[in-house]
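Numbers restart at 1 for each chain; the letters A, B, ... are given by sequence-line order, proteins then strands.
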Amino acid sequence: MEHIPPSEIPHSRHRRVRPKSSVQFDDKVIFHDDNGNLIYVNDPIKTNEKYEFAGNEIRTSRYTLLNFLPKNLFIQFHRVAYLYFLAIAALNQLPPLAVFGRTVSLFPLLFVLCVTAFKDAYEDWRRHRSDSHENNRQSLVLQSAQFRPKRWKNIQAGDVVKILADEMIPADIVLLGTSDQSGVAYIQTMNLDGESNLKTRYAKQETTSLVLPDACAVSGVITCEPPNRNIYEFTANMELNGHKFPLNQSNIVLRGCVLKNTEWIIGVVVYAGQQTKAMLNSAASPSKRSKLESYMNRETFWLSVFLFIMCAVVALGMGLWLVRHKDQLDTLPYYRKTYVTNGPDNGKHYRYYGIPMETFFSFLSSIIVFQIMIPISLYITMELVRLGQSYFMIGDRDMYDANSGTRFQCRSLNINEDLGQIRYVFSDKTGTLTENKMQFKRASVHGKNYGSSLLIAGNNTAAADSGKQIWKLKSEIPVDSELVALLQKDSNRDERITAHEFFLTLAACNTVIPIICSSTFPSCGKGESNKNIECIDYQGESPDEQALVSAASAYGYTLFERTSGNIVIDVNGEKLRLDVLGLHEFDSVRKRMSVVIRFPDNVVKVLVKGADTSMFSILAHGEESNNGIWQETQSHLNEYSLQGLRTLVIASRDLSDSELEEWQSMYEDASTSLTDRSAKLRQIAALIECKLKLLGATAIEDRLQEGVPEAIESLRQAGIKVWVLTGDKQETAISIGLSCKLLSVDMQQIVINGTSEVECSNLLADAKAKYGVRSSSRGHQNPKCETDSKHGGPDIHNGTKSLSMPKWNPGKEEGTTAQLALIIDGTSLVYILEKELQSELFDLATSCRVVLCCRVAPLQKAGIVDLIKSRTDDLTLAIGDGANDVSMIQMADVGVGICGQEGRQAVMASDFAMGQFQFLKKLLLVHGHWNYQRIGYLVLYNFYRNAVFVLMLFWYISCTAFSTTSALTDWSSVLYSVIYTSIPTVIVGVLDKDLSHRTLLQYPKLYGAGHRHEAYNMQLFWITMLDTLWQSLVLFYIPVFTYKDSTLDIWSMGSLWTISVVILVNVHLAMDINQWALVNHVAVWGSIVITYGCVVILDSIPVFPNYGTIYHLARSPTYWMTILFIIILALLPRFFCKAVCQIFYPSDIQIAREAETKSKQHDDLRSKLPISN
Amino acid sequence: MDIKDEESAPSSKKASKKPIYTQFSQQDLPAWKPILTPGWVIATFSVVGILYIPIGLLTLFASESVEEAIFRYDDRCLPPSYAHNANSYIQSDDTNKTCTIKWTVEHEMEAPIYIYYQLDNYYQNHRRYVKSRNDMQLRNKAAEGDLGNCFPEDKTTDTNQPIVPCGLIAWSLFNDTYRFLTSNKDLTVNKKNIAWGSDQRSKFGSNVYPKNFQSRDLIGGAKLNESIPLSQQEDLIVWMRSAALPTFRKLYGKIETDLEMNDEIEIVIENNYNTYLFGGRKRLVFSTTTLIGGKNPFVGTAYLIVGGLSLFCAITFILLYVIKPRPLGDPSYLSWNRNPGGIK
């Protein structure tokens, strides 16, 4: 979030309007009646008879006891994996295809369904419990003229409810009256948007008088818009005794909020239950899919091609075999297609449907046998693994933010591995790189610069005279003594008046709420009497405003009371009560905010603060002396922004009676309008925001967060390009860039700040020519073609990359050309992003080391992310903390939210959330790397594990006259991927790590492994498949040759194969495990033991034809020798290649691993030495 | 405001929310991190080589010590007049199926000598065949009506009585028989304990007797004595352990006397079983046995080859490593240090 933007966060819409007289509405405004909801205050029966309003009972649970089974099944079968399982199981039920026993074939599906159903049921049970807890809470509801407790679930729209301090709000309620005479109520919206500061809501002046603590005489009609999920907007009208007046966002309190600092409120329920905004908002954010998963799907396609080929071969073989033996089939002892009897059945075919059909059935049944070739279970495994990974990310102590007490959050469970391949990081500045703890630093008042020498005033100078009220701020603010002296001077010079008005504006032109802590402060020190000291805390939505108000207080202008129509400011001990006639909020179009104030002496002034670009154009022109001040102020502004400070310009103007009247009537019209209210208000604002008198400018410092420069440096070394997108001014952005080491002094800065399309195009072309940036011509002329070719595979992709690599690769020391930095502003981006210049910008930007975009609007941020995302295959990450970053966060492949000061919209939209920017370093370099390596290996291993099994079955089928017999027992076939080999996969996917986090942080360049797709790519896939082919051949042929011409029966052979393949894949996994903790041993060797256990159990059940097999086999030494031989021979080529690669062509990771082990040995030695001494 | 509050509040939060340190949650478990050093590689290959060559030699030696004699008789026992009409010869009830083969023992064979029949091109592993049995019926008299999977050999045609044992496997029971004569004296063949004990005990019921077996019109093979329970019908039990591969042996019996060199043995074969239909061959096999089973040089040879290969690899790695050594974990080998030009 930048500069002032309470604006852009929509949630700061307070309109403190207190119409002096109810304005009669024209019909235009009431049109809404037709499609709006009608609420009869205190008449729930009438309210609900016409409309089908929902009761206040909420249900977050999905199921009831009755519908659980059908509904849960329905939801589960939305997943492709389950449909595949179901289709296979259904195929198997057809009599000619019954490859597996009927129950056995259903087992995997039932297993998964049961596990998921159990999980869902448990979650739903917990939801039921919390629902019933919620529904049975009680609130005071006006029933027969008395407030009596009523359960929440029985509250209806139209009910009048009374809520006491610190109670939860049961439904969306329009305020009718509060304990405060002026109708103010404070609420905390933590449950809605996570913000802990207090917000003010107001009861309408018309109704407050009708409300007493124990009664409510209001009986009007409220017309409000139909329920919607926008928690920052509410438009309605209320008709009371013939008057109509508008209701807006500031008059409604929403379900889930908590009443604070207010004794009681009374209000009428407008939306209840499921229609409340809180309930309408409880929807999940859209899910993203990881890059690796999309590659994986491409390879899955190849696997299905293999599957098809294998099935076709089996079907063809079957067909040919049948044709060759056509004449014998009737009596062939092992086929017998015909009944040969004297009876009526003679000559009838038995389960034989002709050669073409048999061929077709054979195709189908081989799909059943080879079903696990498509690793559907992999998707389920991956979910489990990602769950485990996120457990570790959440639990990482290095990513815990002690200041805010927040842990890392994984909000999306689908893209953990993308964190290991990020190439571009788009970062917001304020609140992300900086702390967003604003401090008032400098001021330019009347063209004079203050604040270069600041003193932390031990006590506010204003308090020097005893007896005056002393306001103690939460934090101490250093003040400029010269400025203080000026304010204390009793003169009528322009300078003094300007300064006075300047600070008055700071104190008045804002939406900050002062909270006075009534408890006196005993340890104030300095021996002063305590009674006059009250501490004050400012709650507001914009940290900038808080800083300004605090600063004003430090200079003696303390805002200490705010009601719906008044503010009270303590000016050096003198209480000044000001009427707020109207307020134009900050918005991103005007970039300024103004209040219309009536002073006690009936002078009406408009006080404005805003961004310099928007302010200078509306200042009053003319006077000579003004021009001098203008220039001075402007130069001060430049100076401030060079220091990385955030600036605002302050101005004011007196309003004449006629102007006031004109404005007032239009303002009231507009602010009660139900349509386009904000646009209308904006137009009216222009009426008074003109011909202003410049008062001065403020500069606020936003400190860099801890560890930001180091984190950026590490990310850059890792080959990640960090782009900063900020709403700040160019100068501010550059200075922050310098201070966080994003920019360095020796960089060539390319600045693009054109104001027309032609100008931008020229600037881009010049820059490209000057620094010799090559167009990635293919991308330029035919971007589609390029992306297509890139989708072909990471290899090609790497090829194109290396073209542009030397230019930006941070590892490269370029002697000839200096490193480039591109600075571009929002106005130019308007022209560039919408026009054909996009690719020009892309070429330029990708060849620069740093890109800084300043003055960008939220949607432009998303546009820039899209610029990279649509033109490259590289993964993008957006990190931000404010509502203006939401679009960027959603657009990027990975969105990271900072749980900062500016609310939680960014966090709500993000995939991951954390407390500080510097955690990004560990998140990407360590967790990202691990997750990527783990998932990459997991996918390849799963492909291998399933394919080796299927291929083994395939070879055997060629020995059974292509009749799709499986030597393995049905149960073993089914349990293979469910029990025999699944646990180590998950354990390795969650726990294995190639390098320690110390090494990964020490050598950020190791992150390049993810950029180069080292853990998962097309080449690796094909190598794995070749290895799989070899291993399956060994698995099949070694037993076949060993037991050639022997008495070995089919179940013994199957048992041998079961055990061999399980041991083989587990040893294969063991060979690739990087670190062996106890749990790895348990999982890997345990799986083998479990497999033996299962085989023994299956062979101990006499009704199975395989009864007793394992007991018989285990006695034969040949059996054991065969297994041993299969394992060694199958893994020999893999081991050999691995050894050659690791010893002679080591990867970076390998070397780092070795270095790690070596240094550990050194440490061990060193630690032993003192003992030996 | 009060500084105390500010400090105490986050610290209490810290206590509640900061992830607790455990070696597990911080992924810092003590672990063995093996790396593939040249030492490891060479050691692995050497161990495999050193282990495999002796095993291979032993196995090969054992396999060589097995004496084996094989007689193919499906062709020999076919009268030349039926050479082109083998099917009608074997199906006819009238033809003389007895045939005699003379065998001079070439090497001394020590008892027990196992007698196998070997069939090939016989797909006992065909899906239609493997499934054509009912294991409930075989072990339990009460379940004799349990005929699932037994089509088309499930019930008698006329009376609809269940066939015990049902199914194609039992129906196609092998029915060639052999007699062995030395100097006109019968050589006793022990046909007891040729089946797995476990099958006899628990799989084939001792109270289940054959019923209506081979009573239908198409006779598939041997008939069973209806007074002997299935658990004693060892030929059937052996046959019903379907073979894994289309060429297989089944144990016929054991000769429990030694055969001396140059013993003259007359083999009398009743050639009943029809393999002519599908061109299957029939063989009779005599074999002694060792610890590793019958004669099969494959295992030994394979072990020898792999062992040799491993040793070769070990030597190659030693040589390669001498020629082109690389210090372990030397950061100067990292890609960005090696060629500062680019990543690859």
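Proximity to chain B (any heavy atom under 4.5 Å) is shown, for A:A967, by neither the backbone nor the side chain. Residue B:K131 touches chain A through its side chain alone, counting heavy-atom pairs closer than 4.5 Å. With a 4.5 angstrom heavy-atom cutoff, B:R241 touches chain A via backbone and side-chain atoms both. Both the backbone and the side chain of B:Y21 come within contact range of chain A, with heavy atoms under 4.5 Å apart. With a threshold of 4.5 angstrom between heavy atoms, B:K250 approaches chain A through N, CA, C or O but not through any side-chain atom. Heavy atoms of B:P30 lying under 4.5 Å from chain A belong exclusively to its backbone. Residue A:S1052 touches chain B through its side chain alone, counting heavy-atom pairs closer than 4.5 Å. With a 4.5 angstrom heavy-atom cutoff, B:L320 touches chain A via backbone and side-chain atoms both. A:S1116 does not touch chain B: none of its heavy atoms, backbone or side chain, sits under 4.5 Å away. With a 4.5 Å cut-off on non-hydrogen atoms, B:V299 touches chain A through its side chain but not through its backbone. At a 4.5 Å heavy-atom cutoff, B:R283 makes no contact with chain A through either its backbone or its side chain. B:T22 does not touch chain A: none of its heavy atoms, backbone or side chain, sits under 4.5 Å away. When heavy atoms are compared at a cutoff of 4.5 Å, B:Y116 approaches chain A solely by way of its side chain, counted from C-beta outward. Neither the backbone nor the side chain of B:S132 comes within less than 4.5 Å of any heavy atom of chain A. The contact between B:N296 and chain A is made entirely by side chain atoms (from C-beta outward), counting heavy-atom distances below 4.5 Å. With a 4.5 Å cut-off on non-hydrogen atoms, B:F298 touches chain A through its side chain but not through its backbone. Heavy-atom distances place the side chain of B:Q118, and not its backbone, under 4.5 Å from chain A.
The minimum heavy-atom distance between B:L245 and A:Y1043, with the atom names listed, is CD1-O, 4.3 Å. Of all heavy-atom pairs between B:P19 and A:R397, the closest is O-NH1, 2.7 Å. Residues A:I1073 and B:P34 come closest through the heavy atom pair O-CG, 4.5 Å.
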- Task: Any chance you could lay out the side chain to side chain contact (heavy atoms under 4.5 Å, CB included) test for B:F45 and A:L1132, step after step, and finish with the verdict?
- Result: CA-CA 9 Å; B:F45 277 122; A:L1132 212 56; 3.9 Å; yes
Is there a side chain to side chain contact (heavy atoms under 4.5 Å, CB included) between B:F24 and A:V1079? Walk through the geometry before answering. CA-CA 10 Å; B:F24 178 72; A:V1079 55; 5.5 Å; no
Quiz item: Does the side chain to side chain contact (heavy atoms under 4.5 Å, CB included) test come out yes or no for B:W336 and A:L1006, once each step is laid out?
Solution: CA-CA 10 Å; B:W336 56 90; A:L1006 291 171; 4.0 Å; yes
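Side chain to side chain, B:Y123 and A:S963 fail the donor-acceptor criterion of an N or O pair below 3.5 Å.
Side-chain contact between B:R326 and A:I1151: present, with at least one pair of heavy atoms (C-beta onward) separated by less than 4.5 Å.
Aromatic ring centres of B:H126 and A:Y335 lie closer together than 6.0 Å.
Ring geometry for B:W196 against A:H1112 counts as parallel: the plane angle stays under 30°, on a 0 to 90° scale with 60° as the upper cut.
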